[in-house]
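Some notes on the structure that comes next.
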Amino acid sequence: MSTFMPKADEVERKWYVIDAQGKPFGRVAAEAAVLLRGKHKPIFTPGVDCGDFVIIVNTDKAVFTGDKLNKKLYQHSTGYIGNLKEVKYGTLVKEKSDFAMRLAVKGMIPDTTQGRKQLTRCHIYKGEEHKHEAQKPEAWEM
């Protein structure tokens with residue numbers, strides 16, 4: 001009996017919708033990362049991209065536990081010396097909740113060429129509407 005090894009061009013990819021309304025922010029990001037990598041499939045192989053497409057909606061209605069909105073910071077550099085910018089997560093989520101979700105999902109997938117390709121299959125929207133109805137996405141229950 002030989003071991004089955006999936007090939008990247010033979011993997012069947014599905015579309016899933018995750019509704020973040022009323023759910024913890026990090027749990028939604030973790031579930032999206034699992035779907036993007038394909039770890040929910042029995043044919044998962046770390047060296048082969050087996051992941052699916054993920055649509056995350058209602059990111060502005062996701063819930064944070066504890067005091068993360070006031071204590072957690074998003075830091076980035078402008079590229080100039082000494083210009084490290086800090087924004088509290090409460091402000092970032094209020095203004096750009098889709099960007100904050102993308103950062104969370106990006107931190108949960110590998111920082112490799114395969115991980116960057118997987119992140120391109122993640123589509124994130126603040127509200128309820130998305131433009132991927134033609135792909136007939138299935139609702140993913142957490």
Q.
Are there over 12 heavy-atom neighbours, none belonging to Leu84, within less than 6.0 Å of that residue's CG?
A. yes
(Q) Can you confirm whether or not the ring centre of His130 sits under 6.0 Å from the ring centre of Trp15? (A) no
Q) So does Asp111 have more than 12 non-hydrogen atoms from other groups sitting under 6.0 Å from CG? A) no
Q) Considering the options Ile55, Asp60, Asp98, Val17, which one meets the side-chain contact (heavy atoms from CB on, under 4.5 Å) requirement together with Tyr125? A) Ile55
Q. Can you tell me if NZ on Lys126 sees more than 12 non-hydrogen neighbours from other groups inside 6.0 Å?
A. yes
Q. Should Phe53 and Ile124 be counted in the same cluster of Ile, Leu, Val, Met, Phe, Trp and Tyr side chains packed under 4.5 Å apart?
A. no
(Q) Could you tell me if the side chain of Val57 sits less than 4.5 Å from the side chain of Ile18, heavy atoms only? (A) no
(Q) Classify the ring geometry of Tyr74 against Phe99: parallel below 30°, tilted from 30° to 60°, perpendicular beyond 60°. (A) perpendicular
Q: Give a yes or no on whether Met142 and Met101 share a hydrophobic cluster (residues Ile, Leu, Val, Met, Phe, Trp, Tyr; joining criterion: side-chain heavy atoms under 4.5 Å apart).
A: yes
Q: Quick one: pull up CG in Leu36 and NZ in Lys106 and give me the separation to the nearest 0.5 Å.
A: 13.5 Å
Q) Do the side chains of Leu119 and Phe25 join up, straight or via other hydrophobic residues, at under 4.5 Å, putting them in one cluster? A) yes
(Q) With a 4.5 Å cut-off on side-chain heavy atoms, are Thr91 and Lys88 touching? (A) yes
Q. Hey, are the side chains of Lys61 and Ser97 touching, using non-hydrogen atoms and a 4.5 Å cut-off?
A. no
Q. Among Arg13, Arg37, Lys41, which one satisfies side-chain hydrogen bond (donor to acceptor under 3.5 Å, both in side chains) with Asp52?
A. Lys41
Q: Taking the side chain as every heavy atom from C-beta outward, state whether Asn58 and Glu128 have any pair of such atoms under 4.5 Å apart.
A: yes
Q) Is it the case that one hydrophobic cluster holds both Leu103 and Val54, taking links as side-chain heavy atoms less than 4.5 Å apart, direct or via other members? A) yes
Q.
Distance check, rounded to the nearest 0.5 Å: Cys50 atom SG versus His40 atom NE2?
A. 9.5 Å
Q) Just how far is it from atom CG of Asn83 to atom CD1 of Ile81, taken to the nearest 0.5 Å? A) 9.5 Å
(Q) Evaluate Lys68 against Thr65 for side-chain hydrogen bond (donor to acceptor under 3.5 Å, both in side chains), listing each step before the verdict. (A) CA-CA 7 Å; Lys68 292 185 191 94; Thr65 58; 2.8 Å; yes
Q: Indicate yes or no: at least one non-hydrogen side-chain atom of Asp49 is less than 4.5 angstrom from one of Arg121.
A: yes
(Q) So Thr113 and Lys117, do their side chains get closer than 4.5 Å, heavy atoms only? (A) no
Q. At what distance, to the nearest 0.5 angstrom, does CG of Leu73 lie from NZ of Lys85?
A. 14.0 Å
Q. Quick one: do Tyr16 and Ile56 end up in the same hydrophobic cluster if we chain Ile, Leu, Val, Met, Phe, Trp and Tyr together by side-chain heavy atoms under 4.5 Å apart?
A. yes
Q.
Between Lys39 (side chain only) and Leu35 (backbone N and O only), is there a donor and an acceptor less than 3.5 Å apart?
A. no
Q. Centre of Tyr89's six-membered ring, under 6.0 Å away, within 45 degrees of the axis: is that where NZ or CZ of Lys72 sits?
A. yes
Q: Could you tell me whether the side chain of Arg102 and the main chain of His123 form a donor-acceptor pair under 3.5 Å?
A: no
Q. Around Gln75, counting heavy atoms of other residues, nucleotides and ligands shown, do more than 12 lie under 6.0 Å from its CD?
A. yes
Q: Say whether, by atom type as modelled, one donor and one acceptor occur between the side chain of Thr45 and the main chain of Gly47 under 3.5 angstrom.
A: no
Q) If we only count heavy atoms from C-beta on, is the Val48 to Lys7 side-chain gap below 4.5 Å? A) no
